[in-house]
Enquirer: 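Structure below; questions to follow.
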Amino acid sequence: MIHAAGPYVLASVLVALGLYGVLARRNAVLVLVGAELLLAGGGLLLVTAGALGPDPSWSGQVLTLFVITIAAAEVVVALAVIVAAYRRRGHIDLAEDAE
């Protein structure tokens, strides 16, 4: 059995990298990758809390499946918006004003 601190440390690293990716990047695709890292860190926290707790209904793992489903839908919609913006503007730099 692994120690409980390992998954929590990994989840905090994923959340920190995701937060940096969302706040510091100007490219829309890299912002999307940062958002996915945030969701991965949250999913890891849900699975870890569900595995360590006395919950017999596996709610942490079930909630993680919902997070993964929402993340997949987010990627599809965000990439469609990014492609549409790239076709219209010619770049996907978020720091420049829209024309």
Side-chain angles (χ1 to χ4, degrees):
M1 183 122 198
I2 63 172
H3 195 271
Y8 288 129
V9 169
L10 180 60
S12 65
V13 168
L14 285 174
V15 168
L17 287 173
L19 191 61
Y20 173 75
V22 168
L23 295 178
R25 299 296 179 175
R26 296 184 341 187
N27 191 335
V29 175
L30 294 178
V31 170
L32 181 62
V33 170
E36 291 301 316
L37 283 173
L38 283 169
L39 287 171
L44 181 60
L45 280 176
L46 283 172
V47 169
T48 304
L52 295 176
D55 186 18
S57 65
W58 295 55
S59 62
Q61 286 82 355
V62 172
L63 283 173
T64 304
L65 289 176
F66 285 115
V67 168
I68 291 171
T69 304
I70 291 169
E74 173 207 1
V75 167
V76 169
V77 172
L79 284 177
V81 169
I82 290 169
V83 167
Y86 179 75
R87 286 183 180 169
R88 180 177 164 93
R89 294 170 44 183
H91 58 86
I92 51 174
D93 190 11
L94 297 177
E96 293 182 15
D97 293 333
E99 296 173 0

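Being a predicted model, the structure only gives us computed values, none of them experimental. Residues: numbered from 1 along the sequence shown.
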Enquirer: What is the distance from atom CG of L45 to atom CG of L14, rounded to the nearest 0.5 Å?
Expert: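 Result: 9.0 Å between the selected atoms.
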Enquirer: Scan residues 6-21 for pairs that pass side chain to side chain donor-acceptor pair (under 3.5 Å), counting only residues two or more places apart or in two chains.
Expert: none
Enquirer: Report the residues that fulfil side-chain contact (heavy atoms from CB on, under 4.5 Å) with L17, sequence neighbours left out, ordered by chain and then residue number.
Expert: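 So L17 forms a side-chain contact (heavy atoms from CB on, under 4.5 Å) with V13, L37.
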Enquirer: Give me the atom names and distance for the closest heavy-atom approach of P7 to L44.
Expert: O-CD2, 3.6 Å
Enquirer: On a heavy-atom basis, which atom in G43 and which in T64 lie closest, and how many Å separate them?
Expert: O-OG1, 3.4 Å
Enquirer: A11 and G41: which non-hydrogen atoms are nearest, and at how many Å?
Expert: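 Looking at all heavy atoms of both residues, the closest pair is CB-O, 3.7 Å.
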Enquirer: How would you list all residue pairs meeting salt bridge (charged side-chain N to carboxylate O under 4.0 Å, His left out) that involve residues 14-27, not counting sequence neighbours?
Expert: R26-D93
Enquirer: Test: salt bridge (charged side-chain N to carboxylate O under 4.0 Å, His left out). Region: residues 28-53. Which pairs qualify, not counting sequence neighbours?
Expert: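 Qualifying pairs: none.
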Enquirer: Going by side-chain contact (heavy atoms from CB on, under 4.5 Å), name the residues that satisfy it together with V33, two or more places apart in sequence or in a different chain.
Expert: none
Enquirer: Write out all pairs satisfying salt bridge (charged side-chain N to carboxylate O under 4.0 Å, His left out) with one or both partners inside residues 8-17, taking only residues at least two apart or from two chains.
Expert: none
Enquirer: Side chain to side chain donor-acceptor pair (under 3.5 Å) with T69: which residues, sequence neighbours excluded?
Expert: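 If we apply the side chain to side chain donor-acceptor pair (under 3.5 Å) test to T69, skipping adjacent residues, there are no hits.
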Enquirer: Test: salt bridge (charged side-chain N to carboxylate O under 4.0 Å, His left out). Region: residues 59-77. Which pairs qualify, not counting sequence neighbours?
Expert: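 As it turns out, there is no salt bridge (charged side-chain N to carboxylate O under 4.0 Å, His left out) pair with a partner in residues 59-77 once direct neighbours are skipped.
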Enquirer: Could you tell me which residues satisfy side-chain contact (heavy atoms from CB on, under 4.5 Å) with V29, sequence neighbours excluded, listed by chain and number?
Expert: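 With neighbours one apart ignored, the set is N27, I82, I92.
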